[in-house]
Undergrad: 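After the structure tokens below, expect a handful of questions from me.
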Amino acid sequence: MLGLMQDWPLLCHKILDYAAAQHGKREVVSRSVEGPIVRTNYAEIHLRAKKIAQALERDGFKLGDRIATLGWNTARHMEVWYGAMGIGAVYHTLNPRLFPEQIAWIMNHAEDQAIFVDLTFMPIVEAVADKVTSLKKIVVMTDAAHMPKDSRLNLVCYEDWVASVDGDFKWKEFDENTAAGMCYTSGTTGDPKGVVYSHRSNVLHAMIASLPDALDISCNESIMPVVPMFHANAWGIAMAAPLTGAKVVNPGGMMDGASIYELLDTEKVSFTAAVPTVWLMLLSYLEETGKMLPHLKRVVIGGSACPRAMTQKFQDVYGVEVVHAWGMTEMSPLGSLGSLKPEYASLEGDDRLDIQEKQGYAPFGVEMKVTGDENEDRPWDGETFGRLKVRGPAVAKAYYGGAGAENFDEENWFDTGDVAHIDENGYMQITDRAKDVIKSGGEWISTIDLENLAVGHPDVQEAAVIGIVHPKWDERPLLIVVRKEGKDPKASDILEFMQGKIAKWWMPDDVAFVDEIPHTATGKIQKMELRQQFSDYVLPTA
Ligand code: ADP
């Protein structure tokens, strides 16, 4: 027997229809690439998205075509996504922090037919356009006055192109499982792999992301996604915001402490999200200037582990609640969030921080387990490590073109490549990437735990831990440290600080100081490069 409810496919542009109908006047504020702060609202974005859909169709684009974007978080970038999805085309976010060769490879693999680009990234397009055989149209997201003057490419001016149609356009209709968006994983090993989101998965993910114990988004919030749209859908905010009618504040390309602070303050931002690196810059700025954060209530921190000291500073000094989150491109991306269940809600001080250091628990729609070497389920005891596996309606079931099939099993469990433990209340803690974990005398040492501890030292700006070959123990940890400006801690100071806070045999065998730690295009520490850099390193204990 079938239900007798209406067939209402979960299509992403219905989110924007809803935002325009119910929250049409709600503002979307962007720091534009040209400089000034630009204000628009959901009603205007809806109309312009319709114009984009209409112009794309007029220019011959259709269902299934891949439309690349190379842009900051701005209202224009949002419009392009919804306009493309509204004809069943597939937005494809490119990460501008990748090398042009990688971008060209990815565009060819995805067979992108058009690209919408911010002025900032014109040099990338100039470098790759000839190499992408499928590319037919290059639209520069600016107005006529700011168009590049001397390009050899055939460029279209976005504002003129949008103005060339009237927006009298009916969205196309198609199945909710149709592809909506694409994003390639950064590919620290092997070629990048394409993740293909569907309309259904995006809508479900936006609903899940908005829940009170997830991002807790509502139309009474002013939210700033600092996490870029090219970084796993801005963690779902580009869809969760219009789905709830929240005001959006887009930081554009300026993520330094002063610029972020300015928007947090003038736009009375109540909720924001980004990787720890961004918050380090903001916290340094606040410390230097003595400024406070009176409007901000909540900050979601993820993408890499949020150091305990950062959580503590946000909460104790600025009165801002920290929600630690974990996820990945393959998961749309939210996988777990650290809001506190009743079991933990009354904890205070260090006990509370102990829980907040974990990456949190899975929301509805994410099933999670940790497994051992024989693929056996490991207990949820908060100690036993295993490979972290997930499945759900917004989790990838394959990569584009069938690459990486070994990461998915026949029951749809996706192996995240992370190593974690889960406690009796469902709180998961990442202890490492499977390929970064240090194996010392047959036991595993979590590099993330050591890094978190080291950055708690007041003179340490950033820390990374890698395994160095050891004649007796196979591998032992080396702590690599960037000092805070003007500070000069000794190795012994830092080791002393760590002593007693971790198992003795986890203590790093040595500390190396560097000026800079290399990062990947998504802001994670590039351990492969560090391992190369320190490949000849001999530990004093060896
Ligand atoms: P995203 O684009 O959302 O950062 P990626 O696909 O680039 O996702 O990277 C996902 C990986 O980032 C995860 O598998 C995990 O190793 C790491 N990661 C994400 N969030 C956290 C976190 N809160 N703590 C530790 N590692 C994290």
Undergrad: I'd like to check Ile525 versus Ser304 (side-chain heavy atoms, cut-off strictly below 4.5 Å). Are they in contact?
TA: no
Undergrad: Drop me the distance from Met78's CE to Ile52's CD1, to the nearest 0.5 angstrom.
TA: 11.5 Å
Undergrad: Quick check against the 3.5 Å criterion: does Asn250 have a side-chain atom that pairs as donor or acceptor with the backbone of Gly252?
TA: no
Undergrad: Please give me the minimum heavy-atom distance between Lys291 and Tyr261, naming the atom from each residue.
TA: CD-CE2, 3.4 Å
Undergrad: Can you list the steps and then say if Thr178 with Asp175 is a side chain to side chain donor-acceptor pair (under 3.5 Å)?
TA: CA-CA 6 Å; Thr178 304; Asp175 187 276; 5.0 Å; no
Undergrad: Do Ile301 and Val275 come within less than 4.5 Å of each other through their side chains, counting heavy atoms only?
TA: no
Undergrad: Output yes when Lys389 and Glu367 qualify as a salt bridge under the 4.0 Å nitrogen-oxygen rule, no when they do not.
TA: no
Undergrad: Please walk me through it: do Val226 and Met255 pass side-chain contact (heavy atoms from CB on, under 4.5 Å)?
TA: CA-CA 7 Å; Val226 182; Met255 301 194 199; 4.0 Å; yes
Undergrad: Show the nearest heavy-atom pair for residues Ala214 and Ala209, with the distance to one decimal.
TA: CB-O, 3.4 Å
Undergrad: Please determine if Glu44 and Lys25 form a salt bridge, counting it only when a charged side-chain N lies under 4.0 Å from a carboxylate O.
TA: no
Undergrad: Evaluate the side-chain contact (heavy atoms from CB on, under 4.5 Å) criterion for residues Lys397 and Asn412: first the C-alpha distance (whole Å), next the side-chain angles of each, then the deciding distance (0.1 Å), finally the verdict.
TA: CA-CA 6 Å; Lys397 65 176 175 188; Asn412 254 340; 3.9 Å; yes
Undergrad: Could you tell me the separation between the CZ atom of Arg152 and the CD atom of Glu126, rounded to the nearest 0.5 Å?
TA: 5.5 Å
Undergrad: For Thr40 and Ala75, work out which heavy atoms get closest and say how close.
TA: CG2-CB, 3.6 Å
Undergrad: Is there a side-chain contact between Met239 and Met85 in this structure, where contact means two heavy atoms from C-beta onward sitting under 4.5 Å apart?
TA: yes
Undergrad: If I compare all heavy atoms of Pro225 with all of Pro251, which pair ends up nearest, and what's the gap?
TA: O-CD, 3.3 Å
Undergrad: Are His13 and His46 an aromatic pair by the rule of ring centers under 6.0 Å?
TA: no
Undergrad: Show your working on ring pair (Phe, Tyr, Trp, His ring centres under 6.0 Å) between Phe408 and Tyr399 and close with a plain yes or no.
TA: CA-CA 10 Å; Phe408 305 89; Tyr399 291 110; 5.4 Å; yes
Undergrad: Salt bridge check, Arg39 against Glu267: does any charged N sit closer than 4.0 Å to a carboxylate O?
TA: yes
Undergrad: Taking atom CG of Asn154 as the centre, does the number of heavy atoms from other residues, nucleotides or ligands within less than 6.0 Å exceed 12?
TA: no
Undergrad: With rounding to the nearest 0.5 angstrom, report the OG1 to CG distance, Thr416 to Leu388.
TA: 4.0 Å
Undergrad: So does Met368 have more than 12 non-hydrogen atoms from other groups sitting under 6.0 Å from CE?
TA: yes
Undergrad: Are Ile106 and Asp191 close enough that some pair of their side-chain heavy atoms sits under 4.5 Å apart?
TA: no
Undergrad: Verify salt bridge (Lys or Arg N to Asp or Glu O under 4.0 Å) between Glu330 and Lys193, making sure each step is shown before the conclusion.
TA: CA-CA 10 Å; Glu330 290 88 334; Lys193 297 183 193 71; over 6 Å; no
Undergrad: Between the main-chain N or O of Met141 and the side-chain N or O of Arg76, is there a donor-acceptor pair closer than 3.5 Å?
TA: yes
Undergrad: Mind listing the closest non-hydrogen atom pair of Asp65 and Gly60 along with its distance?
TA: OD2-O, 4.2 Å
Undergrad: Hey, does the side chain of Glu159 reach the backbone of Asp143 with a donor-acceptor pair shorter than 3.5 angstrom?
TA: no
Undergrad: For the side chain of Asp118 and the backbone of Thr120, is there at least one donor-acceptor N/O pair under 3.5 Å apart?
TA: no
Undergrad: I'd like to know whether Thr244 forms a side-chain contact (heavy atoms from CB on, under 4.5 Å) with Cys219, so could you lay out the CA-CA distance, the side-chain angles of the two residues, the decisive distance to 0.1 Å, and finally the verdict.
TA: CA-CA 6 Å; Thr244 53; Cys219 62; 5.7 Å; no
Undergrad: Regarding Glu221 and Ser270, do their side chains bring together a donor and an acceptor under 3.5 Å, going by distance alone?
TA: yes
Undergrad: For Glu34 and Thr142, test the side chains for any donor-to-acceptor distance below 3.5 angstrom and give the result as yes or no.
TA: yes
Undergrad: Please find the pair of heavy atoms, one from Trp279 and one from Ala273, that lie closest to each other, and give the distance.
TA: CZ2-C, 3.8 Å
Undergrad: Keeping Ser201 on the side-chain end and Pro393 on the backbone end, is there a donor-acceptor pair under 3.5 Å?
TA: no
Undergrad: So, does Asp436 use its side chain to make a donor-acceptor pair with the main chain of Asp432 at under 3.5 Å?
TA: no
Undergrad: Tell me whether Lys14 forms a cation-pi arrangement with Trp8, defined as NZ or CZ under 6.0 Å from the six-membered ring centre and within 45 degrees of its axis.
TA: yes
Undergrad: Could you tell me whether the side chains of Thr447 and Arg433 share a donor-acceptor contact shorter than 3.5 Å?
TA: no
Undergrad: Going from CD1 on Ile466 to CZ on Phe534, what distance comes out if it is rounded to the nearest 0.5 angstrom?
TA: 6.0 Å
Undergrad: Return the orientation label for the Trp161 and Tyr158 ring planes: parallel under 30°, perpendicular over 60°, tilted otherwise.
TA: tilted
Undergrad: Would Lys62 and Ile87 count as a side-chain contact (heavy atoms from CB on, under 4.5 Å) here? Give the steps.
TA: CA-CA 6 Å; Lys62 55 181 191 317; Ile87 62 163; 5.6 Å; no
Undergrad: Step through the shown structure and confirm whether more than 12 heavy atoms of other residues, nucleotides or ligands are within 6.0 Å of CD on Glu173.
TA: no
Undergrad: I need the Lys527 NZ to Gln533 CD distance, nearest 0.5 Å.
TA: 13.5 Å
Undergrad: Going through the distances and angles, do His231 and Tyr184 end up as a ring pair (Phe, Tyr, Trp, His ring centres under 6.0 Å)?
TA: CA-CA 9 Å; His231 193 175; Tyr184 277 68; over 10 Å; no
Undergrad: Check whether any side-chain N or O of Asn108 sits under 3.5 Å from a backbone N or O of Lys131 as a donor-acceptor pair, and report yes or no.
TA: yes
Undergrad: Could you tell me whether Tyr91 and Tyr82 have their ring centroids closer than 6.0 angstrom?
TA: no
Undergrad: List the steps, then state whether salt bridge (Lys or Arg N to Asp or Glu O under 4.0 Å) holds for Glu79 with Lys51.
TA: CA-CA 9 Å; Glu79 294 160 5; Lys51 289 188 177 190; over 6 Å; no
Undergrad: From Asn202 CG over to Leu243 CG, what is the distance, rounded to the nearest 0.5 angstrom?
TA: 11.0 Å
Undergrad: In this structure, is the centre-to-centre distance between the rings of His324 and Phe314 below 6.0 Å?
TA: no
Undergrad: Can you check whether Leu293 reaches Leu286 side chain to side chain, under 4.5 Å on heavy atoms?
TA: yes
Undergrad: Side-chain contact test, heavy atoms from C-beta onward, threshold under 4.5 Å: evaluate it for Val117 versus Ile138 and give yes or no.
TA: yes
Undergrad: Between Arg66 and Gln113, is there a donor-acceptor pair closer than 3.5 Å when you use the side chain of the first and the backbone of the second?
TA: no
Undergrad: Would a line drawn from the ring center of His205 to the ring center of Tyr197 be shorter than 6.0 Å?
TA: no
Undergrad: Ignoring hydrogens and angles, tell me if any N or O in the side chain of Asn73 forms a donor-acceptor pair with the backbone of Met229 under 3.5 Å.
TA: yes
Undergrad: Do the side chains of Asn233 and Trp81 get nearer than 4.5 Å, heavy atoms only?
TA: yes
Undergrad: Is there a donor-acceptor pair under 3.5 Å between the side chain of Ser332 and the backbone N or O of Ala394?
TA: yes
Undergrad: Would a line drawn from the ring center of His77 to the ring center of Phe116 be shorter than 6.0 Å?
TA: no
Undergrad: Decide yes or no for Phe174 and Lys172: does some side-chain heavy atom of the first lie under 4.5 Å from some side-chain heavy atom of the second?
TA: yes
